2 protein chains.
Amino acid sequence: MVVNSSAELTDDEVDRIFRALADATRRDIVRRTLAGEASVSELAGAYSMSFAAVQKHVAVLEGAGLVTKRPRGRERVVRGNPDAIRRAQRLLDAYEQIWVARIGRLDALLDDTPPQQ
Amino acid sequence: MVVNSSAELTDDEVDRIFRALADATRRDIVRRTLAGEASVSELAGAYSMSFAAVQKHVAVLEGAGLVTKRPRGRERVVRGNPDAIRRAQRLLDAYEQIWVARIGRLDALLDDTPPQQ
DNA sequence: GTAACGTACAACCACATGGTTGTAAATAGC
DNA sequence: GCTATTTACAACCATGTGGTTGTACGTTAC
């Protein structure tokens with residue numbers, strides 16, 4: 001599990017987060033478990049693939065910190081982790097800020113350029 | 001190339017965007033080309049891998065709409081696409097909103113519950 | 001014109017990924 | 001206690017991914 005909630009993320013952690021989000025089934029699992037927790041077998045019932053396949057998808061999401069799993073009797077209850085979503089948002093924000101800064105530099109360049117002649 | 005800039009994204013398009021972001025070299029290419037455009041060979045010079053490997057990474061990013069390429073003489077100039085970043089941000093926002101709505105429902109439930117006895 | 005540069009693309013390889021089936025173990029229900 | 005349910009996990013398979021090298025082609029510079 002990922003412990004860092006405020007610190008920088010390693011490349012591997014970022015890889016896992018985006019990799020986990022790069023599959024429609026996994027995104028749907030995130031969506032469902034953010035809306036309300038669900039057992040692995042409840043999730044498996046929602047998709048036309050084997051239980052084991054869904055189990056693997058949940059494991060990938062858990063490895064990325066996008067969901068957490070806790071035991072309840074013989075079930076494992078899966079819950080979406082909004083913190084991981086926010087971490088990903090901050091990453092994308094950083095990229096947009098790089099672009100915004102570039103535009104800012106261009107604007108400053110234009111402003112600072114005195115009229116020619 | 002992706003034409004949809006305001007419309008809904010298909011699952012495949014979303015897959016490609018997150019897949020493209022799930023690699024540290026590709027994220028670095030996005031970072032560099034958002035800060036300022038660069039030719040493929042300039043990019044290739046920045047990494048300890050073959051030109052062809054970097055070329056493939058650029059192709060993956062282009063397929064996801066995260067960068068665009070335009071010819072300039074014998075070079076191909078790569079430029080980061082801030083719109084694609086914003087599309088990804090909107091996707092993550094939607095997931096966070098699902099969670100926010102769930103918490104809102106829980107709060108409303110608590111507020112609406114009359115004191116017992 | 002020729003040589004160097006920048007790119008494109010195919011072929012190949014090792015390994016990861018997304019799916020399957022099968023087996024085993026823990027828990028719940030009767 | 002027995003049976004059904006739920007999960008875990010291994011083994012396997014087809015395909016995708018990230019890297020390589022090699023070859024070909026357009027463009028630039030001299």
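Chain letters run A, B, ... following the sequence lines, proteins first and then strands; every chain starts at 1. For clarity, every value in this text was computed on a predicted model and none was experimentally measured.
In this structure, B/Arg70 atom CZ and C/dG6 atom C1' are separated by 16 Å, rounded to whole Å. B/Met49 places its CE atom 16 Å from the P atom of D/dT17, with the value rounded to the nearest Å. Between the C1' atom of D/dG18 and the OH atom of B/Tyr47 lies a distance of 15 Å, rounded to the nearest Å. For the pair A/Asp15 CG and C/dA16 C1', the computed distance is 13 Å after rounding to whole Å. Atom NE2 in B/His57 sits roughly 17 Å away from atom C1' in C/dC9 (whole-Å rounding). One interatomic measurement links the two molecules: CD of A/Glu75 to P of C/dA28, which rounds to 9 Å at whole-angstrom precision. Protein atom NZ of B/Lys56 is 8 Å distant from nucleotide atom C1' of D/dT20, rounded to whole Å.
Hydrophobic clustering (side-chain heavy atoms under 4.5 Å, transitive across Ile, Leu, Val, Met, Phe, Trp, Tyr) groups A/Phe51 together with A/Val78. Note: the hydrophobic cluster containing A/Leu9 also contains B/Val30 (ILVMFWY, side chain heavy atoms under 4.5 Å, direct or indirect links). Under a hydrophobic clustering in which Ile, Leu, Val, Met, Phe, Trp and Tyr are joined whenever their side-chain heavy atoms come within less than 4.5 Å, directly or via other members, A/Val60 and A/Val54 fall into different clusters.
OP1 or OP2 of C/dG18 has at least one side-chain nitrogen or oxygen of A/Arg19 nearer than 4.0 Å. For C/dG19, the OP1/OP2 oxygens have no side-chain nitrogen or oxygen of A/Ser50 closer than 4.0 Å. Remark: B/Lys69 is not in phosphate contact with C/dG6, judged by side-chain N or O atoms under 4.0 Å from OP1 or OP2.
Taken residue by residue, residues 24-43 of chain B places heavy atoms nearer than 4.0 Å to DNA chain C at B/Ser39, B/Val40, B/Ser41.
Annotation: cation-pi pair A/Arg90/A/Tyr95 absent, no NZ/CZ under 6.0 Å from the ring centroid and within 45° of its normal. Judged by the 6.0 Å and 45° rule, B/Arg31 forms no cation-pi pair with A/Trp99. Taking the ring axis of B/Tyr47 as reference, the NZ or CZ atom of B/Arg32 stays within 45° of it and closer than 6.0 Å to the ring centre.
For A/Ala52, the side-chain atoms get nearest to C/dT21 when compared with the rest of C/dT21, D/dT21, C/dA8. Distance from the side chain of B/Phe51 is smallest for C/dT7 among the nucleotides C/dT7, C/dG18, D/dT6. Closest to the side chain of A/Asp23, from the set C/dA11, C/dG18, C/dT21, is C/dG18. Comparing C/dG6, D/dT7, C/dT20 against the side chain of B/Arg74 picks out C/dG6 as the nearest. For B/Gln55, the side-chain atoms get nearest to C/dA8 when compared with the rest of D/dT20, C/dA8, C/dG18.
Nearest-nucleotide positions on DNA chain C place B/Arg76 closer to the 5' end than the other of B/Arg76 and A/Ser48.
Checking each of B/Arg72, B/Glu42, B/Lys69 against B/Val77 for a side chain to side chain contact (heavy atoms under 4.5 Å, CB included) leaves exactly one that passes, namely B/Arg72.
When heavy atoms are screened at a 4.0 angstrom cut-off, B/Ala44 is found touching no nucleic acid atom at all.
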